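Data first, discussion second: the structure below is written as structure tokens.
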Amino acid sequence: MKKKVGVLALQGDFEAHRKALERAGADAVEVRTQADLDTVDGLIIPGGESTSMLKLLHIENLFEPLRAFGQHKPIFGTCAGAILLAREVSNPAQESFGLMDIAVERNAYGRQLDSRIVKLDGDVEAVFIRAPIIRSAGPEVKVIASYNGTPVWAEQGRHMVATFHPELTADTRVHESFLRKI
Ligand code: GLN
């Protein structure tokens, strides 16, 4: 049976994630309410704009349900989603779920270098769009790939983050690695 995975669909790049999950062999659903969340076994928080996403999470009364979901089910945060999963956020500071022991700095590559495509180890193509930088990671965090000396893809127990956009490339390996956690 296919794994049923949600994509938080309040704001940002949820449509591309839904398609990427389907390419990777999952049954993907858009999540906008707690009732939607109750039907899925894992969740992707997409890229977008983390401050807007945070506001919408509160307006839709999804902030606490999502944190509770993360206590027992896997969440994969990409870019803005990685910012929301972090323990600490800077530039500027904002609220987050604290489900992964990482400290992130938003928009950290600066204006000149804000968007680019690079190759990571293992030939994974990484698209960065106004990406955060993971400035520190606790001992329980396993770094899967780095770029320019800082982690860009990491996991901790059931959760995973990428500061790039795996949903924008044809390669489904990143999504498949999340599906293995479910
Ligand atoms: N810069 C955005 C933020 O701080 C994240 C960018 C993205 O998700 N592509 O929320």
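Fair warning: this is a prediction, and the values are worked out from it, not measured in the lab. In listed order, ligands and their atoms are each counted from 1.
- Which parts of ligand 1 touch Arg130 is read off a 4.0 Å heavy-atom cut-off, strictly below it: atoms 1 (N), 2 (C), 5 (C), 6 (C).
- Contacts with ligand 1 closer than 4.0 Å are made by no heavy atom of Thr78, backbone or side chain.
- In summary, Glu176 and Arg173 do not engage in a salt bridge, as defined by a charged side-chain N under 4.0 Å from a carboxylate O.
- A salt bridge between Arg67 and Glu64 is present, with a side-chain N of the basic residue lying under 4.0 Å from a carboxylate O of the acidic one.
- The protein atom (non-hydrogen) at minimum distance from atom 7 (C) of ligand 1 is Cys79 SG, 2.8 Å.
- Remark: minimum distance from atom 4 (O) of ligand 1 to any protein heavy atom is reached at Arg106 NE, 2.8 Å.
- Taking the side chain as every heavy atom from C-beta outward, Leu21 and Val7 approach each other to under 4.5 Å.
- Under a 4.0 Å criterion applied to the non-hydrogen atoms of Ser50, ligand 1 contributes the atoms 3 (C), 4 (O), 10 (O).
- Ring geometry for Phe76 against Phe178 counts as tilted: the plane angle lies between 30° and 60°, on a 0 to 90° scale.
- Among all protein heavy atoms, the one lying closest to atom 1 (N) of ligand 1 is Asn107 OD1, 2.7 Å.
- Under the 30°/60° scheme for interplanar angles, the aromatic rings of Tyr109 and Tyr147 are found to be tilted.
- Between Glu49 and Lys55 there is no salt bridge, since no side-chain N of the basic residue sits under 4.0 Å from a carboxylate O of the acidic one.
- The option from Ala131, Gly48, Pro132, Gly81 that lies nearest to atom 5 (C) of ligand 1, judged by heavy atoms, is Gly48.
- Under 4.0 Å is where a charged nitrogen must lie from a carboxylate oxygen, and between Lys4 and Asp41 no such pair does.
- Near Gly47, meaning under 4.0 Å from any of its heavy atoms, are these atoms of ligand 1: 8 (O).
- When each atom of ligand 1 is checked for a heavy atom of Ile83 under 4.0 Å away, the hits are 3 (C), 4 (O), 10 (O).
- In His165, the part holding a heavy atom less than 4.0 Å from any atom of ligand 1 is the side chain.
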